[in-house]
Structures are given as C-alpha cells and as structure tokens.
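The basis for the numbers below is simple: all heavy atoms, side chains too, and nothing from hydrogens, waters or symmetry mates. Start at 1 and go down the list; that is how both ligands and their atoms are numbered.
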Amino acid sequence: MSGEVALIPKWLVPVVPEGLVLTDHAVVIGRHQILAILPAHELGERYPQATIERLDTHALLPGLVNAHGHSPMVLMRGLADDLPLMEWLQEHIWPTEQAFAGEAFVRAGSALAALEMLTGGTTCFNDNYFFPNITAEVVIESGIRALLGLPVMNVPTIWADSEAGYIERGLSVLDEFEGHDRIGWAWAPHAPYTVTDASFERLGDLSESMDFRLHLHLLETAGEITDSQSQYQCHPIERLVRLGLYNHRLIAAHMTQLTPEEIALTAESGVHVLHCPAANMKLASGFCPVDALDTAGVNIAIGTDGAASNNRLDMFAEMRLASLNAKGFSLNPVAAPAERSLSMATIQGAKALGLDSDIGSVEVGKQADLIAVNLDEPGTTPVHNVISHLVYTAGRHQVTDVWVAGQRCVRGREIQTMDQDSVISKAHEWASKMH
Ligand SMILES: [Zn+2]
C-alpha cells in the first residue's frame with residue numbers, strides 16, 4: 001500500500017480557476033496533501049499503487065469555509081427567535097451565556113458544531129467565542145480545521161472580567177497551544193460598541209507584530225453608527241481608520257450599512273468582508289451590498305454566524321442565500337452568480353482567513369480538504385450545470401464524504417472521527433439544564 005488515494009468523481013470542481021468543471025479526472029491525495037490532478041486514464045502509469053475510489057454520481061470540490069461564527073452557540077439554537085438584535089442579545093443570549101457558558105458548555109457546543117459542519121461539507125470555520133482553548137481541543141479531536149478567535153470585549157464574563165484580562169487570557173491560550181497544523185489564531189474584538197480605543201490600539205499592535213487577523217463584527221445594524229457618533233463623535237469605520245485598523249488584517253462580519261465611498265475605501269484598504277446573509281435577514285439587520293463590494297474588488301467570504309441567529313451551520317443554504325440576497329438587494333439578476341458564491345464559500349473564505357495558500361481550492365500542493373456531493377437524487381436531476389446545482393439546488397444532506405488534510409472524516413454520510421451519539425446526548429443534557 002502506497003497510502004495514496006485516487007478519487008475519480010463524475011465532476012471535479014476545483015474552484016480555481018472559477019467556473020471550471022473537469023470530467024474524467026482523478027485527484028490523487030497523499031498523507032495530507034493533493035499530489036496530482038490528472039486525466040483518469042493516466043493514473044495506471046503515474047500512480048499504479050494508488051487505491052482508486054470512484055465517485056460515479058458525485059461532484060468533488062474543496063471543503064466549504066464557514067467564515068464567521070460562534071460554534072458553541074449551537075446549544076442555544078432556537079432558544080430565542082424572532083426578536084430585535086439588541087433585545088435578543090441583551091435579554092436572552094448574554095444572560096444565558098452568563099449562566100452556562102463555561103468549559104463544559106463550550107466543549108459540548110463546539111463538538112456539536114464540528115459534527116454539524118463536517119457532515120454538512122464545511123471543513124474549516126472561523127470562530128469567536130469564550131474558551132477558544134476548549135474549542136481548539138475539539139478541533140484537534142474531530143479532524144476539522146479552524147481559525148480560532150481570542151475574544152476581547154468590555155463586558156465581564158466567566159472568561160475574563162476586563163478588556164486587559166481578555167487580552168492576557170488570550171496570550172496565555174497561545175502559550176498553552178503549540179503550533180497545530182489545523183488551527184490558526186486571530187484576535188477577535190467583539191464589535192466597535194464593546195471595545196475601547198485603548199484596547200483596539202493594543203490589538204492593532206499585537207495583530208501587526210504577530211501577523212494575526214483581527215476578527216470583528218462591524219456595521220451589523222444602523223444603530224451602531226448613531227451610537228458611535230454619540231459616543232466617539234465619528235462613524236465606526238472612521239474610528240477604525242484613525243486607530244490604524246482598517247487594513248488587510250481586518251476581517252469584518254456583516255457590513256450591512258455601507259455608503260459607496262466606504263465601499264471604495266474598503267476595497268482600497270484590503271479589508272475582507274464576512275457576509276452572513278441568513279443572520280442579517282433573520283435579525284433584520286440590513287443587507288450587505290455584495291454586488292457593489294464584488295464589483296469594487298473587495299474579497300467577500302460567507303459565514304453562518306452563530307446558530308442562535310441562523311439557525312443552521314449550513315454553508316449550502318448560505319451559498320444559495322448569498323446569491324439570492326445579492327440579486328434581490330441590488331435588483332441585478334446577474335449579481336453573485338453561482339460560481340462566485342461558490343468562490344466566496346471556498347477560496348475567498350480561505351483568503352479572508354489568510355489560509356489561501358493551503359486550502360480553498362483543489363490544487364496540487366494544497367491540503368486535501370475535499371468534499372464529495374452526490375447529485376443522484378430527484379431534486380438534483382438532471383444536471384445541466386453542476387456549479388448551479390451546488391449553489392442553488394443541492395442540500396448538505398447530499399455530502400457523502402469529507403476529507404480534511406487527507407483524513408477521511410466522513411464516509412458514506414457517517415462521521416468517522418467523532419462519537420455522534422455521545423455528542424448529541426451531551427447537547428440534549430445541556431438543553432435540559434437551560435430550561
Ligand atoms: Zn457573529
């Protein structure tokens with residue numbers, strides 16, 4: 001046994017170059033990486049030892065990248081729906097977190113989120129939550145990949161009681177974790193309205209010297225702008241520009257309230273936008289101007305946000321919404337075509353997270369983060385255009401097999417790296433405590 005595996009899908013969708021679909025091709029994966037992409041008939045000559053796996057009714061594509069979320073919040077899924085954002089946050093989410101969000105909660109929630117994401121075709125997620133050290137352990141055990149945020153806010157919690165305390169605790173998490181191939185770290189100040197100038201300045205220095213991303217909620221609602229004007233006498237973007245933070249390290253979730261001038265500035269500055277269409281619509285926050293941002297050349301990624309405001313960690317649903325939402329908001333039917341939403345959910349997500357040299361497309365030398373989607377069912381028949389089906393038609397239940405860094409995490413729809421029954425029963429136990 002060489003250990004090499006050759007996957008021969010019906011359709012190979014490498015994502016780079018955008019829109020390409022290959023047939024009669026094989027992807028050869030080694031221990032962690034993609035070794036070759038070649039016409040299937042050359043396999044026998046070039047990789048005679050490879051174990052061949054045919055995916056005769058499947059599309060093979062890069063694993064999806066969920067670019068914004070709070071994984072343990074799956075335990076609050078459906079707990080408080082149909083409320084305004086601030087009431088939802090201040091009267092329901094934050095009190096529940098104060099009461100329950102300790103290490104065991106985070107472990108159970110992160111595990112459930114990893115299970116939901118892996119089996120639904122998401123192989124990498126960008127997270128911001130308390131106890132990222134616990135989420136890191138779950139990431140290592142489950143086989144998924146993540147960029148984990150070190151949270152900072154001026155709201156005292158069980159994780160830390162002051163902004164300085166959050167930063168110190170974040171630094172100690174970094175000390176505790178030696179480099180791990182599937183885990184990256186970011187600073188994650190919650191939002192302009194929960195972080196002071198002094199802390200932003202310190203995080204700016206830290207993210208620059210460590211070359212970390214700064215993962216922030218920004219312009220989620222219009223109220224955030226008026227609050228900033230009364231508290232800081234300026235617009236939140238103006239404040240971030242003044243603090244030296246509006247640059248390529250900033251990954252900004254939501255961005256629903258942008259003027260044409262701010263869109264141009266965002267493009268010039270290299271700020272990445274983490275678009276969360278379902279959460280923005282559910283909380284009636286506003287619309288991220290995806291068409292205008294895309295036209296301006298801004299890198300847009302797609303995220304689910306936490307399951308308490310979505311309520312799914314389902315990147316197939318999110319890709320579809322991203323395209324529909326962009327068209328509906330811009331009144332432009334050619335906005336966010338299927339191949340662009342697929343890029344936003346893969347390579348553009350990887351780019352936002354600073355991981356595009358390793359993941360986000362099926363290319364030789366990249367990590368073997370791959371998903372197989374079975375299109376052989378009535379709802380995805382016939383197949384005129386495979387990328388159209390992946391974005392507008394297919395559901396996450398059609399993901400049959402998932403590899404992360406070459407490891408088979410899902411086989412024939414069954415998770416291989418986690419004990420599904422135990423993860424689900426722990427989630428039920430938490431739900432019963434919360435009532
Ligand atoms: Zn969020």
Under-2.8 Å neighbours of the Zn ion (ligand 1), protein N/O/S atoms only
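Those protein atoms number 4 in total.
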Self-check item: Residues forming a ring pair (Phe, Tyr, Trp, His ring centres under 6.0 Å) with H68, sequence neighbours excluded
Solution: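 H68: ring pair (Phe, Tyr, Trp, His ring centres under 6.0 Å) contacts with H70, H215, H217, H254.
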Under 4.0 Å between a side-chain nitrogen and a carboxylate oxygen: does that hold for [X] and [Y]?
X: R202; Y: E168; answer: yes
X: E176; Y: R169; answer: no
X: K433; Y: E429; answer: no

Who passes side chain to side chain contact (heavy atoms under 4.5 Å, CB included) against N154, sequence neighbours left out?
->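 For N154 the side chain to side chain contact (heavy atoms under 4.5 Å, CB included) partners, ignoring immediate neighbours, are E163, T194, T196.
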*salt bridge (charged side-chain N to carboxylate O under 4.0 Å, His left out) involving D127 - partner list, sequence neighbours excluded*: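 Checked D127 against salt bridge (charged side-chain N to carboxylate O under 4.0 Å, His left out); zero matches.
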